[in-house]
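Small disclaimer: the values here were computed from a predicted structure and weren't measured. Indexing begins at 1, ligand by ligand and atom by atom, following the structure's order.
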Amino acid sequence: MSKKIPYKIYLSEEELPTHWYNLRADMKNKPAPLLDPKTHKVMGYEDLRPVFCDELIKQELDDTTPYFEIPREIRDFYKMYRPAPLVRAYELEKKLNTPAHIYYKFEGNNTSGSHKLNSAIAQAYYAKNQGLKGVTTETGAGQWGTALSMACAYLGLDCKVFMVKCSYEQKPFRREVMRTYGASVTPSPSMETAVGREINERFPGTTGSLGCAISEAVEVASNTEGYRYVLGSVLNQVMLHQSIIGLEAKAALDKYNVKPDIIIGCAGGGSNLGGLIAPFMGEKIKGNADYRFIAVEPASCPSLSRGKYVYDYCDTGMVCPLSKMYTLGSGFIPAASHAGGLRYHGMNSTLSQLRYDGLMEATTVKQTEVFASAVEFAKCEGILPAPESSHAIHVAVNEALKCKETGEEKVILFGLTGTGYFDMVSYQKFNDGIMKDYLPTDEDLERGFASLPDMAENEVK
Ligand SMILES: *Cc1c(COP(=O)(O)O)cnc(C)c1O
């Protein structure tokens with residue numbers, strides 16, 4: 001009956017998804033709308049146009065259309081590096097001596113090294129189609145900036161990246177990849193924007209934060225003719241584009257009649273996790289199947305696990321719309337962790353709603369244990385994982401070890417979001433035994449919560 005499952009399940013070009021899936025259309029409780037940061041009024045299409053691309057705003061605000069056709073040009077671009085392989089982790093299973101069946105969807109098969117390219121090409125495409133000259137953005141660890149530079153180079157769009165200063169200095173190779181693809185890269189906070197100058201003045205010598213870089217990028221986009229701001233995570237449009245991950249994974253598993261019991265992903269702003277689980281969660285919501293979903297966060301930045309579900313600013317400069325989400329407060333400054341892509345104070349609003357409704361679990365892990373699992377994984381599966389992705393690996397390994405105790409043959413699927421070649425300083429710390437764990441105390445969290453906006457919507461429980 002059951003076919004032997006190969007190490008890698010590929011889809012042919014004909015089998016690649018032609019549409020993105022918008023999970024919101026099938027959700028009973030929709031994520032809360034974006035609010036204006038000053039007036040606290042619901043933001044509509046016209047309100048968002050000065051900052052965001054038209055087509056992307058439509059996607060952002062659409063809670064009812066279940067499928068969006070992927071434009072032909074984007075599908076052609078996807079074909080250069082997709083389908084992303086769905087791998088049966090036979091070697092890891094052997095090493096763990098577990099009866100569990102472990103699968104991972106590997107998104108590191110492109111130069112930028114992560115899933116972020118899936119949304120970068122879509123956003124660049126819509127900007128180009130609108131006749132814009134260029135886009136601005138921020139990048140923390142550098143993966144998003146790299147992905148966007150690649151997409152803009154391909155389409156001939158200008159790309160201005162504000163890179164968090166500490167990464168700019170610590171990750172010169174990421175910076176140079178971006179420059180090689182033609183992007184301009186500015187360390188943030190810079191002296192080029194009002195918000196950058198203000199932050200430099202208030203916090204002399206600061207090495208920056210993602211929230212601050214976002215504010216700078218938004219300011220430049222709104223003040224420069226022919227430019228718009230694009231964001232690599234958190235927004236629902238990004239989760240929509242990333243549904244390609246889950247759709248491909250599901251199509252591959254369906255070929256062999258495999259149904260995962262547990263689906264695991266790391267959660268920074270929530271885009272890869274949201275994309276991976278989308279089609280499975282849709283089935284769960286419709287009552288057609290049941291799955292366990294686990295969001296994995298760093299213990300140093302536990303938005304879903306220890307945050308509040310309220311409206312908050314998406315950025316330190318408080319220029320972006322307010323979003324209702326699990327948040328630690330935009331004033332929360334996470335400790336310098338080695339998974340830069342997971343150092344965000346908030347979370348995508350759709351995932352936040354799913355968590356609030358009890359449809360998804362969240363857990364936290366410490367970076368030293370994460371790197372131990374990363375090294376174990378690298379040794380047996382061959383891929384050197386990104387620190388962010390390794391959060392998912394660690395929880396998958398733990399679940400597989402539980403199966404070993406109970407003898408259960410559970411099917412575990414996790415998202416392997418990228419490779420860690422640009423994170424070797426982090427691996428070096430781990431190898432030298434000097435990596436530390438940072439756990440915020442309740443007082444640390446209270447300080448972050450103190451920065452939450454004071455508004456009526458946040459009073460109601
Ligand atoms: C950015 C990034 C993440 C986290 O971002 P999400 O929006 O939560 O998916 C995870 N892994 C890698 C490799 C990344 O670059």
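Other residues, nucleotides and ligands contribute only 12 or fewer heavy atoms inside 6.0 Å of the NZ atom of K379.
With no hydrogens or angles considered, no side-chain donor-acceptor pair links N129 and E73 at under 3.5 Å.
Between D261 and R292 there is no salt bridge, since no side-chain N of the basic residue sits under 4.0 Å from a carboxylate O of the acidic one. Between K410 and E399, no side-chain nitrogen of the basic residue sits less than 4.0 Å from a carboxylate oxygen of the acidic one, so the salt-bridge criterion is not met. Contact check on K250 versus D254 returns a salt bridge, with a Lys/Arg side-chain nitrogen under 4.0 Å from an Asp/Glu carboxylate oxygen. Residues R88 and E381 are not paired through a salt bridge, judged by the lack of any N-O separation under 4.0 Å between the basic side chain and the carboxylate.
Between atom 2 (C) of ligand 1 and the options H115, E388, M239, K116, the minimum heavy-atom separation is to K116.
Between L342 and ligand 1, not a single N/O pair is under 3.5 Å apart. Looking at T417 next to ligand 1, an N or O pair under 3.5 Å apart turns up. Looking at ligand 1, you won't find any N or O of A267 less than 3.5 Å from one of its N or O atoms. Considering both main-chain and side-chain atoms, G232 never comes within under 3.5 Å of ligand 1 through any nitrogen or oxygen pair.
Considering only non-hydrogen protein atoms, atom 7 (O) of ligand 1 sits nearest to S233 OG, 2.5 Å. If you check which protein heavy atom lies closest to atom 4 (C) of ligand 1, you get G341 O, 3.5 Å.
Under 4.0 Å from ligand 1, not a single heavy atom of V238 appears. Both the backbone and the side chain of S271 come within 4.0 Å of ligand 1, judged by heavy-atom distances.
If you number the atoms of ligand 1 from 1 as listed, the ones under 4.0 Å from a heavy atom of S114 come out as 13 (C), 15 (O). Ligand-side atoms of ligand 1 in range of C266: 10 (C), range being under 4.0 angstrom from any heavy atom.
Under the 3.5 Å distance criterion, the side-chain polar atoms of S451 are matched with a main-chain donor or acceptor of G448. Of the possible donor and acceptor atoms, one in the side chain of Q123 sits under 3.5 Å from a partner among the backbone N and O of L231.
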